[in-house]
Amino acid sequence: MTTETASSYRIQGATGEWEVVIGLEVHAQITSNAKLFSGASTAFGAEPNTQVSLVDAAMPGMLPVLNKECIRQAVRTGLALGAEINRVSRFDRKNYFYADLPQGYQISQLYHPLVGEGSIPIEPDAKDGPGEAKLVGVERIHVEQDAGKLMHDQHPTRSYVDLNRSGVALMEIVSRPDMRSPAEAGAYLRKLRSILRYVGSCDGNMEQGSMRADVNVSVRRPGEPFGTRTETKNVNSVRFVMAAIEQEANRQVDVLEAGGRVVQETRLYDPDRGEGRSMRSKEDAHDYRYFPDPDLLPLELSEAFIAECEASLPELPDDKRARYEGPLGLPAYNAAVITADVETARWFEALLDATGKPETMAKAASNWLISDLFGALNRLGKGIGESPVSPAQGAELLNLVADGTLSGTLAKQVFEIMLETGDDPSKIVEERGLKQTSDTGAIEAIIAQVMEANADKVAEYRGGKDKLFGFFVGQTMKAMGGKANPAVVNELLKKALG
Ligand code: ADP
Ligand code: MG
């Protein structure tokens, strides 16, 4: 059972409360056309073994050549996390045998990683459970090669290896054990993914495996030293990471309360069953016989290269959010939702620019994007990148509302038609006569009809039943096909009834 308070997450055992300690190692595939040490393509979804150079297949005598673009992306990522960039780093061989690793070792960076200490500010979402807004430490980012992929057939029993992924560049982003609840781990992953996508150094696509997390979990009595941790490998969604933590922490509490001890081990999480299982006892660094790769020189970065990386960074999510809330004057919620995803933020900025008056339209545009556009995209099962309505069309619609041509209700009707036809709002308004009218003569005529047809209600209203005002508004709007300007209707009705 878990006790939930505003900010602290505790597991309630038979013998008292336990605190959970979490550290995440995130493998993020670096966005680059070519692999870390070869020119082979990294495109997703190709036929097996069609993107394998002689280096990736570990043919004898082949030599790795470092891809500068991968280093540039990892340095940009480090800078975005406010991290130290190490002017000298080095590649090491991590030796182990596995059928998807033809070299017999992975080229990684153990002793001298490219990026040192940095941090990520997180704000857990209350709906994920208790957690605190805080700065989570990042211990390091190192660059390494990915392995290939094994595929197993049951009938007949056969295994196949696909080396397309072999040699693809990864960043391993290692957090400090600073998180204390599943909600904090979820917030960390979402924030990290958001930053990676802003920077453009990783697409953050967890379903395709371009971002995956190793989840380190231990439990302790609050205030005591850290307990022994286990590491659950390759968890591939934020939701599964949170579920795996919950499950593993509870398992450890059960073990400890039964008088046992937690064994340091590598585990797997099975999302279908919602349970973890032991895979192997955990290796230590010395088991891999790491040593500097003799084929690669130490990597030295010039100040000019680092400055160029820095200059190429876009406005990052927290800065953008502060600007949206401050100078742009958006409600905090809108600013948070729009800036969380870089594609949404770009769409919003294109929308604002297209209105021609970004200062005055910002709030209305943000509301429309979050409620109307998101609502429609949800229904259609589409992402913002596949929106059937362009930012320019959205801006035109917002301008038609701002200049009084469309009421809110009419704007919703026009938007529905835009979604179906892809037409511009001005064309729809023209062709279907959906303009809002402020023609007082026409509205007064309708009001007179409504009052005549409802003489009893008019009498009741005049007798003091104020609530009936809404009824008259509704009847008038209905008789005008929703096209009357509501402000004008209100004003004229007050006059006629008063
Ligand atoms: P290794 O080299 O064995 O993988 P590290 O010291 O590099 O171990 O730590 C790996 C990850 O484990 C880091 O993300 C770190 O924050 C996390 N971690 C370390 N100790 C603990 C602990 N006691 N409980 C939970 N996580 C931990
Ligand atoms: Mg590790």
Side-chain angles (χ1 to χ4, degrees), residues 9-11 18-28 77-78 81 83-84 86 89 92-96 106 108-120 122 131 134-144 170-189 191-193 211-235 238 241-242 244-253 255-256 261-269 276 278-291:
Y9 173 91
R10 294 280 189 272
I11 294 177
W18 298 85
E19 183 178 44
V20 182
V21 173
I22 304 149
L24 297 176
E25 296 166 276
V26 172
H27 286 94
T77 305
L81 304 187
E84 228 173 285
N86 293 322
S89 63
D92 302 303
R93 288 186 181 179
K94 179 181 185 179
N95 299 283
Y96 65 97
Q106 175 192 30
S108 182
Q109 299 188 301
L110 177 68
Y111 302 104
H112 302 281
L114 183 65
V115 178
E117 294 270 347
S119 61
I120 300 183
I122 62 161
K134 61 162 91 157
L135 213 52
V136 174
V138 168
E139 186 184 308
R140 56 192 270 150
I141 302 178
H142 60 258
V143 173
E144 62 186 25
L170 301 177
M171 296 179 268
E172 182 170 330
I173 303 157
V174 184
S175 87
R176 294 265 171 215
D178 286 348
M179 289 156 277
R180 296 289 177 271
S181 70
E184 290 179 12
Y188 173 87
L189 281 175
K191 188 61 173 290
L192 174 59
R193 184 171 58 189
M211 184 173 149
R212 40 195 204 263
D214 295 346
V215 185
N216 296 272
V217 175
S218 63
V219 298
R220 64 173 177 181
R221 298 292 189 189
E224 293 283 298
F226 287 159
T228 303
R229 73 172 192 273
T230 63
E231 179 180 10
T232 300
K233 284 280 187 196
N234 280 330
V235 188
V238 175
V241 166
M242 295 197 295
I245 292 167
E246 176 103 41
Q247 198 276 333
E248 173 59 10
N250 278 282
R251 186 193 68 85
Q252 290 182 13
V253 166
V255 167
L256 294 170
R261 59 180 196 91
V262 173
V263 182
Q264 181 171 328
E265 63 184 356
T266 301
R267 300 179 61 84
L268 279 182
Y269 179 71
S278 176
M279 191 159 79
R280 54 175 192 253
S281 69
K282 179 156 171 49
E283 310 73 12
D284 286 311
H286 63 251
D287 295 321
Y288 290 108
R289 295 292 184 270
Y290 277 95
F291 66 88

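As the structure lists them, so they are numbered: ligands from 1, and atoms in each ligand from 1. For this chain, numbers begin at 1 and follow the sequence in order.
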If you measure from each non-hydrogen atom of E231 to ligand 1, which part falls under 4.0 Å: side chain, backbone, both or neither? neither
I'd like to check which ligand 1 atoms, numbered from 1 as shown, lie under 4.0 Å from a non-hydrogen atom of V21. 24 (N), 25 (C)
Please confirm whether P177 comes within less than 3.5 Å of ligand 1 when only nitrogen or oxygen atoms on both sides are compared. yes
Can you find an N/O atom of G227 closer than 3.5 Å to an N/O atom of ligand 1? yes
Walk me through whether E248 and T230 qualify under side chain to side chain donor-acceptor pair (under 3.5 Å). CA-CA 8 Å; E248 173 59 10; T230 63; 2.7 Å; yes
Kindly indicate whether the side chain of V21, heavy atoms from C-beta on, has any atom under 4.5 Å from the side chain of R220. yes
What atoms of ligand 1 come within less than 4.0 Å of a heavy atom belonging to R176? 16 (O)
Judged by atom type as modelled, is there a donor-acceptor pair below 3.5 Å linking the side chain of D92 to the main-chain atoms of Y290? no
Identified side-chain hydrogen bond (donor to acceptor under 3.5 Å, both in side chains) counterpart of H27 within the set E144, R212, K233: E144
For L24, which part has a heavy atom under 4.0 Å from ligand 1: side chain, backbone, both, or neither? backbone
For side chain to side chain donor-acceptor pair (under 3.5 Å), just list the numbers for R229 and N216, CA-CA rounded to whole Å, side-chain angles, deciding distance to a tenth of an Å, and then say yes or no. CA-CA 6 Å; R229 73 172 192 273; N216 296 272; 3.0 Å; yes
Counting only nitrogen or oxygen atoms and a 3.5 angstrom limit, does N216 reach ligand 1? yes
Carboxylate-amine/guanidinium contact E117 R176, below 4.0 Å: yes
Numbering the atoms of ligand 1 from 1, which are under 4.0 Å from a heavy atom of E25? 4 (O), 10 (C), 11 (C), 14 (O)
With heavy atoms and a 4.0 Å threshold, my read on which part of V174 contacts ligand 1 is side chain
Checking side-chain hydrogen bond (donor to acceptor under 3.5 Å, both in side chains) against Y9, which of E184, E246, R180 comes through? E246
